[in-house]
Amino acid sequence: MQEVIINEPAGEWFALASAYITIGFGLILLLAPRKAFQILRLRTAEGVPEALSESRATMAGFYFGVGILAILFSQPLLWLTLGAGWAFTALGRLVSIIVDRGNTRFNWISIAMEAALAAGPLIYGYTALF
């Protein structure tokens, strides 16, 4: 079990916050996929239940699993994995903004949030490793 100690370094607090937010996203995708799709501005096709299955399995499982393991094991490489996952998510969104002409306020807010979620674990994992 993860103990929360008040005098932990600030970098660890940011990494933990990123992990808890990632777990929260995973739980929302697992327990309320329709609501998650509404927030993400996605729609499922009528008569295609596999879309909800993808939310619960592929998306929720990854977010929840990486977030939980980063907290439980608290190892530098797991923090780097969590941060890299968010960094590549931001990169994918940037590519979409450029290639798919997705220059919208929603995408820029999302990329800023994804970059912030990447920064904490990447910085903490890197400093803990070296």
Side-chain angles (χ1 to χ4, degrees):
M1 189 76 180
Q2 177 74 25
E3 290 184 35
V4 177
I5 301 171
I6 299 300
N7 62 356
E8 291 178 356
E12 189 169 2
W13 281 103
F14 290 122
L16 282 169
S18 178
Y20 283 121
I21 290 169
T22 303
I23 292 168
F25 286 160
L27 285 174
I28 291 169
L29 287 162
L30 179 67
L31 302 174
R34 285 183 177 87
K35 187 64 174 174
F37 278 11
Q38 183 182 9
I39 292 168
L40 295 171
R41 299 178 179 188
L42 300 172
R43 280 181 261 166
T44 59
E46 193 66 36
V48 184
E50 294 87 357
L52 295 177
S53 175
E54 282 301 309
S55 171
R56 293 182 197 270
T58 307
M59 296 161 71
F62 184 79
Y63 285 152
F64 189 74
V66 172
I68 276 286
L69 290 177
I71 290 171
L72 288 178
F73 292 113
S74 192
Q75 295 295 314
L77 290 177
L78 285 172
W79 292 117
L80 290 173
T81 300
L82 177 64
W86 282 113
F88 282 109
T89 300
L91 176 65
R93 191 170 303 273
L94 181 62
V95 168
S96 179
I97 288 172
I98 295 167
V99 174
D100 303 329
R101 297 184 187 142
N103 190 9
T104 65
R105 189 171 81 140
F106 176 82
N107 276 340
W108 285 108
I109 291 170
S110 296
I111 202 170
M113 185 179 75
E114 292 154 359
L117 287 170
L122 283 174
I123 293 168
Y124 178 67
Y126 182 79
T127 57
L129 193 60
F130 299 104

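For the single chain, residues carry numbers from 1 onward in sequence order.
Interatomic distance, E114 CD to L91 CG, rounded to the nearest 0.5 Å: 10.5 Å. A distance of 10.0 Å separates CG of D100 from CD1 of I98, quoted to the nearest 0.5 Å.
Under a hydrophobic clustering in which Ile, Leu, Val, Met, Phe, Trp and Tyr are joined whenever their side-chain heavy atoms come within less than 4.5 Å, directly or via other members, I21 and I111 fall into different clusters. In the hydrophobic clustering of this structure, Y124 groups with I68; members are Ile, Leu, Val, Met, Phe, Trp, Tyr whose side-chain heavy atoms approach within less than 4.5 Å, directly or through other members. Side-chain heavy atoms closer than 4.5 Å link hydrophobic residues (I, L, V, M, F, W, Y) into clusters, and following such links, even through other members, never connects L122 to L69. L78 is not connected to L129 by any chain of hydrophobic side-chain contacts under 4.5 Å among Ile, Leu, Val, Met, Phe, Trp and Tyr, and they are in different clusters.
N107 contributes a side-chain N or O that, together with a main-chain N or O of G102, makes up a donor-acceptor pair within less than 3.5 Å. At distances below 3.5 Å, at least one donor-acceptor pair connects side-chain atoms of T89 with backbone N or O atoms of G85. Of the possible donor and acceptor atoms, one in the side chain of T127 sits under 3.5 Å from a partner among the backbone N and O of I123.
Here the side chains of L16 and E12 are in contact, with some heavy-atom distance below 4.5 Å. For the pair L82/T22, a side-chain contact is recorded, criterion being any heavy-atom separation below 4.5 Å from C-beta on. For the pair F64 and I28, the minimum side-chain heavy-atom distance is 4.5 Å or more.
Across all non-hydrogen atoms, the minimal contact from P121 to G83 is CB-N, 3.7 Å. The two residues S110 and R93 come nearest to each other via the heavy atoms CB-NE, 3.3 Å. A pairwise comparison of heavy atoms in W79 and A19 identifies CZ3-CB, 3.8 Å as the closest pair. Minimum interatomic distance between S18 and L117 (heavy atoms only, all atoms of both residues): OG-O, 2.7 Å. Nearest heavy atom pair, residue P76 against residue G125, reads CB-O, 3.6 Å.
Each ring pair (Phe, Tyr, Trp, His ring centres under 6.0 Å) pair with one or both residues in residues 40-63, not counting sequence neighbours, appears once here: Y63-W86.
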List the steps and the verdict of side-chain contact (heavy atoms from CB on, under 4.5 Å) for W108 and L94. CA-CA 9 Å; W108 285 108; L94 181 62; 4.2 Å; yes

**Prompt:** Are I23 and I71 close enough, and set up right, to give a side-chain contact (heavy atoms from CB on, under 4.5 Å), and what steps lead you there?
**Reply:** CA-CA 10 Å; I23 292 168; I71 290 171; 3.6 Å; yes

Table please: side-chain donor-acceptor pairs of residues 29-51 below 3.5 Å, with sequence neighbours left out.
residue: K35; atom: NZ; partner: Q38; partner atom: OE1; Å: 3.4

